[in-house]
2 protein chains.
Amino acid sequence: MTAATGQGGGGEGRKSRRSRPRPERAKALIADVARAAGVSTATVSRALTAPDRVLEATRLRVLEAVRVLDYTPNAAARQLRAGRSRAILVVVPKRRNPPFFSEVLHGIDMELSAAGYAMLMGNLDSVDGKEDYLVDLVFGGHLDGAIVLSAAVPARDGRSILQAGIPVVAVCAGTGVAEVPTVVVDDTECTLAQTRHLIGLGHRRLLYIAGPKGNYNEVRRYRGFEAAVREAGLPREDVVRLEGDYVFRAGVEAGQAFLAMARRPTGVVATSDEVAIAFMKTIRAAGVRVPQDVSLVGFDGIEFADFVEPTLTTIRQPRFDLGATGARILLGLLGGESPPQPLTVLHGELVVRDSTAPAPLPRRGGS
Amino acid sequence: MTAATGQGGGGEGRKSRRSRPRPERAKALIADVARAAGVSTATVSRALTAPDRVLEATRLRVLEAVRVLDYTPNAAARQLRAGRSRAILVVVPKRRNPPFFSEVLHGIDMELSAAGYAMLMGNLDSVDGKEDYLVDLVFGGHLDGAIVLSAAVPARDGRSILQAGIPVVAVCAGTGVAEVPTVVVDDTECTLAQTRHLIGLGHRRLLYIAGPKGNYNEVRRYRGFEAAVREAGLPREDVVRLEGDYVFRAGVEAGQAFLAMARRPTGVVATSDEVAIAFMKTIRAAGVRVPQDVSLVGFDGIEFADFVEPTLTTIRQPRFDLGATGARILLGLLGGESPPQPLTVLHGELVVRDSTAPAPLPRRGGS
DNA sequence: TTGTAAGCGTTATCAA
DNA sequence: TTGATAACGCTTACAA
């Protein structure tokens, strides 16, 4: 039913296009607009990019010509001359937690596109040369700025995108480079809240399922966990740490490790919702009850956390805001504002649902 | 600890940059490389873009100079002159199903970046002017091609991106325009398989939770459902259709509607995993057992489907391949190949898990 | 306020 | 195979 939009012939193999005289209906140039409006190209350019530096009447005439001719400025020419591309690179870490990052990207996209900037995606993926490619993109002047969602900044031969002279902002994780404004969640406070919540429910034997070793967030989150453990005076031997990496598989493995323990913890702190969900599935399949036998707190606040059984107590990260804030900072930098505070910390919030409950009574009736 | 990467001074406001003599360490130009290699700029250009049209020895000399000077060709200049940008626009529908689309995007990205193309994201989002923005991007010559993940092709004043003269490929949904090569899953076969699976288990009263009215996939999926119903000769009054839109909320609403029914279906066909998962949570919370009382089949095959309880029987879409195949087709078109078959259909696969089981015995012991 | 004209850095055409 | 040189389409001093 949809009317087929005219596209010329069917599949003619566009060959006889070499001739000069009006190739059907060539793309309008600024000169065409100038002619149609009876002004110079300079005026057209000004009418379009600096409306207040042109007479109202002229401006309207130009705009009309633009409309009639369906004129769209050529991006390459504009960029070459002006030195700006209006494109931002967003570097996404090796794919993990799509539900988490997609919302951060959403926040970035909203801000950038509202300001007229295009968003280039650069996945820091498995493929060889992927990083080189990103570096070339940046040094090729193709970009006005970059937002990195990963602690790892793309680099090649020691030449990182930080040296390209474009502003860079880090979101979700710090880069370790002082000059890069960074927007993160208060990781340490969050795990502190997670752990205190469990301890407050009477849990004394805890399991911490970590993120990747050395990971920016992981390091900070573990600090919060340890602080809570210390403040509650839990004995060292009642606290277990398992390594993980934020994804499902890690949760399954942690679950298996848990099941194999002689003296199982009753409170579990997970550093991502995916891990928590996979962990929960694994131990429940083995007959462990949540939250009766074990209480579990996730981290991230993805939507799914509210659709598993039992629903997951978790930390809700301001995902959209993380992205939007980072984008705003970058736009500020591009607009010539002086660098803002180096670190912007947004707050995560504990959302209590059904996966946590008072600790089971110690040594009584349990298997 | 990470060495702060030198970035020049602090914020000097780059003023005294007009002077000729080496501004610190200016970005190398093709002329610099030519000089260093003792050849002309034309030769440098050829050495870089058409290696076989230059003497091996010269090529090596040029490459060495490139390395030494850290030369990266200016993208804008290249694009202006060559008329190609090596950038592809990917149009993503109003954000829904991040876990689904992220994998499709992954497939696209792998192919594109391997071929040296950058990927611009265009979310078809709520914001006003968002679509206009995409249209401008395309008509600005900023792009060599586009992949649309949505049946809706961005347009403004009746000027759609299809008329910009760049190749466009549709993935996941058709556009209704014959000239656009399209890659989709065999929707109808998939719902046929979903429904037959339920019917084969003895279910005679079915509920179909639809996608958005008129949606490309929805229309095809419903056909498969109806075909299966017809072939089994189920009476019309035993088949219910509820409207939905692939997201959580729709599943919750469908669940509520289900609970309110006097004579409840025992088999449920959902057209997305999100909907299935939300539906399942809603009815289980009300005491309905899955799969003992109700069997449920999802659609998409997102990872989460294997982590809910019970695990979800579903259709696994070849998400990565959908994206990768679309990207390959686009790259072919960009390479001058003649248009391929207009429609490429990939196959979805029924994955049987725990949310489906034989139908409960009719009229016996039920509430 | 508007017009003139000089580039922006590369690739493609044409000779050599 | 290589080199000179003219575009590519726009923005921006500078002049009028």
Side-chain angles (χ1 to χ4, degrees), chain A residues 18 20 23 26-63 65-66 69-86 136 139-144 165, chain B residues 15 17-18 20 23 26-62 65-66 69-86 136 139-144 164-165:
Chain A
R18 290 265 117 172
R20 192 88 39 74
K27 209 162 262 183
L29 303 183
I30 198 172
D32 300 324
V33 177
R35 204 173 309 120
V39 296
S40 74
T41 61
T43 300
V44 175
S45 175
R46 277 188 291 252
L48 259 30
T49 59
D52 33 318
R53 299 193 43 195
V54 97
L55 223 52
E56 174 73 4
T58 336
R59 198 174 57 88
L60 291 175
R61 215 148 18 97
V62 170
L63 259 37
V66 165
L69 296 175
D70 260 355
Y71 169 70
T72 311
N74 177 293
R78 185 173 256 190
Q79 176 180 348
L80 177 58
R81 179 62 236 228
R84 297 174 301 102
S85 67
R86 302 228 130 221
D136 275 351
F139 281 89
H142 214 313
L143 301 160
D144 285 355
Chain B
K15 238 182 188 155
R17 260 298 180 83
R18 287 269 115 174
R20 197 82 40 75
K27 208 163 264 187
L29 303 183
I30 198 171
D32 301 322
V33 177
R35 205 173 309 117
V39 294
S40 73
T41 60
T43 300
V44 175
S45 176
R46 276 187 293 253
L48 260 30
T49 59
D52 32 318
R53 298 190 44 196
V54 97
L55 223 52
E56 174 73 6
T58 342
R59 196 173 59 87
L60 291 174
R61 217 152 11 102
V62 170
V66 165
L69 296 175
D70 261 355
Y71 168 71
T72 311
N74 177 292
R78 184 172 257 191
Q79 176 180 348
L80 176 57
R81 181 61 237 220
R84 297 175 299 103
S85 67
R86 304 230 129 220
D136 275 350
F139 281 89
H142 215 309
L143 301 160
D144 285 355

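Each chain gets a letter, A, B and so on, in the order its sequence line appears, and its residues count up from 1.
When rounded to the nearest whole Å, the span between CZ of A:Arg86 and P of D:dT11 equals 12 Å. At whole-Å resolution of the value, CG in B:Leu29 and P in C:dT11 are 12 Å apart. Whole-Å rounding puts the B:Arg84 CZ to C:dT10 C1' distance at 12 Å. Taking atom CZ of residue B:Phe139 and atom P of nucleotide D:dG9, one finds them 16 Å apart after rounding to whole Å. Atoms NE2 (A:His142) and P (C:dG9) sit 16 Å apart, rounded to a whole Å. The distance between atom NZ of A:Lys27 and atom P of D:dG9, rounded to the nearest whole Å, is 10 Å. Atom-to-atom, CG of B:Leu80 to C1' of D:dA6 comes out at 13 Å; the value is rounded to the nearest Å. In this structure, B:Ile30 atom CD1 and D:dC8 atom C1' are separated by 15 Å, rounded to whole Å.
Side-chain atoms of A:Val54 lie closest to C:dT2 of the nucleotides D:dC10, C:dT2, C:dA5. The side chain of A:Thr58 sits closest to C:dT1 out of C:dT1, C:dT10, C:dT4. Closest to the side chain of B:Thr43, out of D:dC10, C:dT1, D:dG3, is D:dG3. In this structure, of D:dT11, D:dT1, D:dC10, it is D:dT1 that holds the atom nearest to the side chain of B:Leu55.
Without hydrogens or angle criteria, B:Gln79 side chain to B:Gly141 main chain gives a donor-acceptor distance under 3.5 Å. In this structure, A:Thr72 contributes its side chain and B:Gly140 its backbone to no donor-acceptor pair below 3.5 Å.
On a pure distance criterion of 3.5 Å, a polar donor-acceptor pair joins the side chain of B:Arg81 and the base of D:dA7. Side-chain atoms of B:Arg78 stay outside donor-acceptor range of the base of C:dT10, with no qualifying N/O pair under 3.5 Å.
Among all heavy-atom pairs drawn from B:His142 and A:Ser85, the shortest one is NE2-O, 3.9 Å. Between A:Leu69 and A:Ala36, the closest heavy-atom pair is CD1-CB, 4.1 Å. Contact between A:Val62 and A:Val39 at its shortest, heavy atoms only, is CG2-CG2, 4.1 Å.
Contact annotation: the side chain of A:Leu63 approaches that of A:Leu48 to within less than 4.5 Å [non-hydrogen atoms, C-beta and beyond].
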Under 3.5 Å, N/O pairs linking protein and nucleotides 14-16 of chain D:
none

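B:Ser45 has no side-chain polar atom (N or O) that falls below the 4.0 Å cut-off from OP1 or OP2 of C:dT10. At C:dT10, one or more side-chain N or O atoms of B:Tyr71 fall inside 4.0 Å of OP1 or OP2 (strictly under the cut-off).
Residues A:Arg61 and A:Thr41 both approach DNA chain C. Their nearest nucleotides, taken by heavy-atom distance, put A:Arg61 toward the 5′ side.
Among residues at least two apart or in separate chains, side-chain hydrogen bond (donor to acceptor under 3.5 Å, both in side chains) pairs with a member in residues 42-54 of chain A are A:Ser40-A:Thr43.
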